[in-house]
Amino acid sequence: MELPRKYKAKDCEQRWLDHWKDTNIFAYDPTRGRDETFVVDTPPPTVSGSLHVGHLFSYSHQDFVVRYQRMRGKNIFFPIGWDDNGLPTERRVQNLYNVRCEPHIHYNPDLDVKRGRKGNPTPIGRLNFIELCEEVTKEDEEAFRNLWTRLGLSYDWSQEYATIDAHCRTMSQYSFLKLLEDGHIYQAERPVMWDIGFQTAIAQAEIEDKERPSAFHFLRFGVEDGDRDHIVIATTRPELLASCVAVLAHPEDERYKNLFGKRAITPLFKVPVPIMPDPLADPEKGTGIVMVCTFGDQTDVEWWREYDLPLRQTIGRNGLMMPVTFGAEGWDSLDPDAANAVYTQIAGQFVKKAQKTIIAIAEETEGLIDRPKEPLTHAVKFFEKGDLPLELIPTRQWYTRIMDKKEALTEQGRKIAWRPEFMGKRYELWVEGLNQDWCLSRQRYFGVPIPVWFRVGDDGRALYEERILPAIEDLPVDPLNDAPAGFTEEQRGQPGGFIGDPDVLDTWATSSLTPQVATKWFKDQARHDNLFPMDIRPQSHEIIRTWAFYTIVKAYLHSGEIPWRNVVISGWILDPDRKKMSKSQGNVVTPEPLLDEFGADSVRYWAARARLGVDTAYDELVFKTGKRLCTKLFNASKFVIGRFADIDPAQLGPDKIVAEPDRAIIAELRPLIERATAAFDDFDYAQALSLVEDFFWRTFCDNYIELAKGRTYKEELTEGRLSAASTLRLVHRVLVRMLAPYLPFLTEEVWHWCYTGDAGMHESVHRSPWPTLDEIAAIPAPRNALTYQASVGVIEAVRKAKAEANLSMKAPVSRVTVTAKADAIEAVQNAVDDLKEMLHIEQVEFVEGTPGPGLVAVEVRAQ
RNA sequence: AGGCGCGUAGCUCAGUUGGUUAGAGCGCAUCCCUCACACGGAUGAAGUCCGCGGUUCGAGUCCGCGCGCGCCUACCA
């Protein structure tokens, strides 16, 4: 056999990708039982995001585990999907085509917008917008598919899905209807966390706190019938003054006790509001007395509800101050004209601008500001994808009831094995801190439509209590485009007719169903039952509160089960300064050039070196180390195979391993197999790699091959030569398999040089069995348990002597004296012929004695 | 503010359930072109295992306290 001289990753990668595809070796076999099947719930990456070196990292981690399980004989269910619905895609399309979605515009089948056009955004209809989203999504998916393929991820590509495709829409809508039917979903009109930029409601999981500079403004409020003429209230949001509906202080607060029951008069707007005691008012904060607005924060909402306060909304959905008339119903004022004169100045302004205006007006008004403002920094809630502070805006939204299930959800989390274990804590902490039901509806376009219509009353108004739901077999539906059964499109929006719910579902409403999506759930109940709950969910830690959480919620609500038995958490790739990689910081490393430069195996090696859950600084040296390992494996394999290639395989085998040094190396192999297997069973691929790599390089290449080499050069097929050849073949075949999960391309290449036809092995290394102790059970242990260790002692001593004498390693040595205890002497004697040949020693002398530190003391005399 | 994790050689990190002299890769120094590999090999220098206290015959490993870093959760008067 002619083996290539140098290893070039590129030359073999595409070849094996094609081969694996042709032979379909990664396909799931639905005929096999659950107990012999390993089921993975893969995270569908957001395809509108950029390809990131972190993708290579965490997706490799799944593949190590999966390939190991496959070699353990498991039938692998390893689907992959793409997460494409939602805001990121919408934003990308808006930027790419410079368009704006206007839902009222009709569909234009001939719409032709070009990318990169400058100027004002072109308004286009909803369906056109969705079409563009789908188009972009397709392209993005292709880029991801290419990268995932190049990395050698062993997916069953026939299970591919996209979270916006018809199947996922069906699953997601089915889930919604089921939960609605079971009473877990409800619709309500109430204050909700609202992004004024994207103009949509969002859920608690999408909120991100950011520290922002702000300031306390100390405003004087009037007091009716009081013993004083004013109270001072500290506020960071003076622009909400017009929304003030009450003033609260702690019941025990002596400063304000006597004011409870009286009314305060808001400055500028002169609105009388009640002064009430409430234990939630913190005497330490500000001046200890707080104005309640509709709505400044979550506590305002609670107070508003508890005391049944009026609603005075001033911030609109677009973040502009709404038009308001004082003196009108609900907008009482002691001086409506003055109030309106002030409000007119902020009406229509953006919140932030309105704040400045109000402050300016206040500053000009005599006796309003009590003392200079006090700068401070505080946490402000943002939508994770937005850059404007969230507002609490009363709107009609759909919710999944979860607040009443916190205990049960915590319990579910405890049934799952989190790896590393402490990651389970993050889940529990999140569940503990839940403060609102899951807001499901989004006022967006590219998403799974909420499958609900409402009847329209004779007065032309929507009757939100009179829902029309689709039949399950009609899913997926688009209520804005499809008419419900029994109606015609002409009745849309007409009195006595219907309207479609205009909203789409939170992307997590669909992403939380990836197990059900993959199993096909109610569409193929038998398949679902055979796959669910799944074995593992690999993911990274920042989506514990979203993806893991919501998936656990859905599995619990739908089937009372956990979705998977293990959650396997990958860490993050940080930049070399240990900062998070992000597009905005410009420190993102793109993956393709790395694959080009180092090859997929080397990149995977880099990923494999990181332990589960541990964030890892990006370090190119590790790629180089990976490449070195590949080169070493290539060269060693070429050599090892060359040492026995011309011997009839029938003459080689475990029964031919008779030489003591050979049996010694086999003995070393046992703990390796045991420990690496245990590590892998525990999802600790990094530990397994470290063990295998160390054995391969140090034990096998540096010592054993050198030791046994001499015998393999014998002319005759001596017992010693056959023993060495058999050992090399056996150990090498074990190591290639143990490296296969990490280096799938190179190991497959090497495998095909030699082992594809072996009994008990598979044509592909990736379907061949992971090494077990059974394979070497028949090989007796060496007579002396110290043989390997004592031999290495001699090798190291002689090498050291040669290095210190600046000699070549092949320089001859006339005599070596080994001082050791009797059993170690015997051990060395068992390998002494190999040692002499390897180290070019003429004569070895043994002296029984105490060697000092170590097993053997070695004295070397050069020639 | 609470919770979690981390702190080991110049750098990046291992360290199996507590056990001799704490390891690897990179880097550094010296040497070796040995018929698989110079993308290699040999040898070496280099660590108060963050600090203090405790448990133990024995602690990098277990416990307590402290310091530093990171993350999670909370924090909008």
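A quick note: this is a predicted structure, and the numbers were derived from the prediction, not measured. Each chain gets a letter, A, B and so on, in the order the sequences are listed, and its residues count up from 1. Quick note: numbers below take in every heavy atom, side chains included, and nothing from hydrogens, waters or symmetry partners.
- The same atom, C1', is picked in B/G5 and in B/C76; the two are 29 Å apart, to the nearest Å.
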Nucleotides 15-17 of chain B: which of its N/O atoms have a protein N/O under 3.5 Å away?
from	atom 1	to	atom 2	distance (Å)
B/U16	O2	A/Arg675	NE	2.3
B/U16	O2	A/Arg675	NH1	2.9
B/U16	O2	A/Arg675	NH2	2.1
B/U16	N3	A/Arg675	NH1	3.3
B/U16	N3	A/Arg675	NH2	3.3

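- Residues satisfying the ring-ring contact (aromatic ring centres under 6.0 Å, His included) criterion with A/Phe680, sequence neighbours excluded, are A/Tyr68, A/Tyr742, A/Trp770.
- No more than 12 heavy atoms of other residues, nucleotides or ligands sit less than 6.0 Å from atom CD of A/Glu421.
- Using N1 to N3 plus N6-O4 or O6-N4 for Watson-Crick, or N1-O2 and O6-N3 for G-U wobble, each under 3.5 Å, B/G44 pairs with B/C28.
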Discussion item. Show, in sequence, the C-alpha distance, side-chain angles and deciding distance for A/Leu773 and A/Arg670, and conclude whether the side-chain contact (heavy atoms from CB on, under 4.5 Å) test is met.
Written reply: CA-CA 6 Å; A/Leu773 292 183; A/Arg670 289 192 171 93; 4.0 Å; yes

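- Residue side chain A/Glu432 does not reach the base of B/A74 through any donor-acceptor N/O pair under 3.5 Å, judged by distance alone.
- Separation of the C1' atoms belonging to B/G58 and B/A22 is 15 Å when rounded to the nearest angstrom.
- Separation of the P atoms belonging to B/C65 and B/C13 is 28 Å when rounded to the nearest angstrom.
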Worksheet item: What string of B, S and - do you get for nucleotides 18-33 of chain B, 5' to 3', if B is base contact, S is sugar-phosphate-only contact and - is no contact with any protein heavy atom under 4.0 Å?
Response: ---B--SSS----SS-

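- The aromatic rings of A/Phe549 and A/Trp430 sit perpendicular, their planes meeting at an angle over 60°, well past the 30° parallel limit.
- Contact annotation: side chain of A/Lys627 to base of B/C39, donor-acceptor pair absent below 3.5 Å.
- Each of A/Ile795 and A/Lys709 has a nearest nucleotide on RNA chain B; the 5'-most of these lies closest to A/Lys709.
- Within 4.0 Å (heavy atoms only), A/Trp697 reaches sugar-phosphate atoms of the nucleic acid but no base atom.
- Heavy atoms of A/Thr236 sit under 4.0 angstrom from primed sugar atoms or phosphate atoms, though from no base atom.
- In this model, a donor atom of one side chain and an acceptor atom of the other lie less than 3.5 Å apart for A/Glu693 and A/Tyr605.
- Toward the 5′ end of RNA chain B lies the nearest nucleotide of A/Ala617, the other residue of the pair A/Ala617 and A/Thr287 mapping further downstream.
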